[in-house]
Number of protein chains: 2
Amino acid sequence: MSTISKENYLKTIFNNSIDSGSNATATKLANDLSVSTAAITDMAKKLSEEGLVTYEKYRGMELTSSGEKAALKIIRRHRLWELFLKEVLEMSWSEVHDEAEKLEHHTSEFLIDKIDMYLNYPDFDPHGHPIPRKNGTIPKTPNVMPLSQGEKGMFCEFVRVNDKDSELIDYLAKVGFILNSKFEVVDKLAFDKSLSIKFNNKILSLSKKITESIFIRLVKN
Amino acid sequence: MSTISKENYLKTIFNNSIDSGSNATATKLANDLSVSTAAITDMAKKLSEEGLVTYEKYRGMELTSSGEKAALKIIRRHRLWELFLKEVLEMSWSEVHDEAEKLEHHTSEFLIDKIDMYLNYPDFDPHGHPIPRKNGTIPKTPNVMPLSQGEKGMFCEFVRVNDKDSELIDYLAKVGFILNSKFEVVDKLAFDKSLSIKFNNKILSLSKKITESIFIRLVKN
DNA sequence: GAATAAAGTTAAGCTTGCTTAAATAAAAAA
DNA sequence: TTTTTTATTTAAGCAAGCTTAACTTTATTC
């Protein structure tokens, strides 16, 4: 049986394997889901009994194809809700994540398809993440890299931001640095790994922690 | 602490006291909520400890003013979602109830106010029920009576329908008998208490059970 | 490779919101 | 008023999803 809790586990396991390229570790999942590692072990057994993950003691979990399918369904709901709340109901960039986090578990396939249609089958959510399609495919994403890997002189486009830290997103919106902004890296300090970027003729200095949450693609001059 | 279950109890207690004029009985609540009467007694204790209802053994429950306030908040969410799903996302009259039933528990006050604004602060939901306002007041409703009390020769307007029976609502929509339709009662059979009504030059025969779910107001010829 | 640290697992127990079955109170009928 | 029926409550127990504490396995360091 699918429950809210299980949906959240599947989603988190999926995102972890995307980020790390390997199996999701119990400690990381426990941290992301704000539960104890004991809870992770508990759920690992249940999900594996249902055939949604493969699980071997001390070896972490991995989504099966049916687990991945289930994860993508939830992620699709989340990202479509985020875009709908922002575009239609004019909620701000930073507010939509938490609201979508709740709605995603209580939306029928019928309704989410209506929302998809209303938005004209969009490919990306307000933070630049691809929206899984009804058929399970995922829109092709540009080659992105964290801004922290940027170097002086690079010309870039801001294409994605982690959606969980609403304070950061609020700050970026306030200073006018929004998705799809084009900019140049004008400085990089070895001292604290902070970057200075230039966009709209403004100079903005961003700490290492911030540049790790911002993803960019290179553009020709 | 407010939970989904408690919100559903409060809503159901509220609707019951509106319908019956007196305290909600355990049997009726158990039936409406699809739980055992033992569960009702259980929850009665919890809600009463939280000051949301007054409860005396064997005497049923009654909402306190803070309980009523909480109930109206949920009902407001439910009815605004129903209207939004119908008007904006073009879901049908009969589909919106079940979907709203889930969304109502997962919608922040901020979001529901956005929806309210988007719909231009409406007074009634798609089934003719008044939508409680943010300040807790309820739009004035016309004097309604069940169609089952109609008599031959009356001129009426269809102003409300119970929203729970989606099959009935689908049927009414199919035959074109929708909210705000004007009609005349042209016959009433003593045999089975069924009514014949005339609207748009069509004659429609409705069983007693159906006429009990439809609410009307009298109009001058 | 042994010692230590870190990560993961097991066991026991908690809360919520239910259930069924038995007991009791209230209401209706005789 | 007594009996019978109906409504309500109590008691014991269950499943889900957690917790903490103790323990075991794996990884790291010297």
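Remember, it's a predicted structure, so these values are computed and weren't measured experimentally. Chain A is the first sequence line, chain B the second, and so forth, proteins listed ahead of strands; every chain is numbered from 1.
- If you check every strand for non-hydrogen atoms under 4.0 Å, A:Lys45 touches sugar and phosphate atoms only.
- Between the NZ atom of A:Lys28 and the P atom of C:dG8 there is a distance of 12 Å, rounded to whole Å.
- In this structure, B:Met43 atom CE and C:dT19 atom P are separated by 11 Å, rounded to whole Å.
- In this structure, B:Met1 places its CE atom 12 Å from C1' of C:dG17, rounding to the nearest Å.
- In this structure, A:Lys73 pairs ionically with A:Glu109, as a charged nitrogen and a carboxylate oxygen lie closer than 4.0 Å.
- In this structure, A:Glu7 places its CD atom 11 Å from P of D:dG17, rounding to the nearest Å.
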Any N/O pairs under 3.5 Å between the protein and nucleotides 25-29 of chain C? List them or say none.
| unit_1 | atom_1 | unit_2 | atom_2 | d |
| --- | --- | --- | --- | --- |
| C:dA25 | O4' | B:Tyr58 | OH | 3.4 |

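- Between B:Thr27 and D:dT6 there is no side-chain N or O to OP1 or OP2 distance below 4.0 Å.
- The closest side-chain heavy-atom distance from A:His97 to A:Pro126 is not below 4.5 Å.
- Within the 4.5 Å cutoff, no side-chain heavy atoms of B:Val96 are placed close to those of B:Leu83.
- When the C1' atom of D:dG17 is taken as reference, atom CG of A:Leu29 falls 16 Å away, rounded to whole Å.
- Nucleic acid contact for B:Ser36: base, since at least one base atom lies under 4.0 Å from a heavy atom of the residue.
- In this structure, the side chains of B:Tyr9 and B:Ile40 come closer than 4.5 Å at one or more pairs of heavy atoms.
- Here the side chains of A:Leu103 and B:Leu111 are in contact, with some heavy-atom distance below 4.5 Å.
- The phosphate of C:dT16 has neither OP1 nor OP2 within less than 4.0 Å of any side-chain N or O from B:Lys46.
- A distance-only check finds no donor-acceptor pair linking the side chain of A:Arg160 to the backbone of A:Val144 [under 3.5 Å].
- In this structure, A:Ser5 reaches the sugar-phosphate backbone alone: every heavy-atom distance under 4.0 Å involves primed, P, OP1 or OP2 atoms, never a base.
- Taking a cutoff of 4.0 Å between a charged side-chain nitrogen and a carboxylate oxygen, A:Asp170 and A:Lys174 do not qualify as a salt bridge.
- A residue-by-residue look at A:Val35 and B:Ile40 shows that B:Ile40 has its nearest nucleotide of DNA chain D further toward the 5' end.
- The phosphate of C:dT10 has neither OP1 nor OP2 within less than 4.0 Å of any side-chain N or O from A:Thr41.
- Across all strands, B:Ala39 comes closer than 4.0 Å to base atoms (heavy-atom distances).
- Taking the side chain of A:Ala38 as heavy atoms from C-beta on, and the options D:dT20, D:dA16, D:dC18, the nearest nucleotide is D:dT20.
- Counting any heavy atom pair closer than 4.0 Å across all strands shown, A:Thr37 reaches a base atom.
- Counting only heavy atoms from C-beta outward, the side chains of B:Phe110 and A:Met91 approach each other to under 4.5 Å.
- If you take CD1 of B:Ile4 and C1' of C:dG17, they are 12 Å apart, rounded to a whole angstrom.
- Between the CG atom of B:Asn31 and the P atom of D:dT6 there is a distance of 16 Å, rounded to whole Å.
- Taking atom NZ on A:Lys6 and atom C1' on D:dA15, their separation rounds to 11 Å, with Å as the unit.
- In this model, the phosphate group of D:dT8 is not approached by any side-chain N or O of B:Tyr55 to a distance below 4.0 Å at OP1 or OP2.
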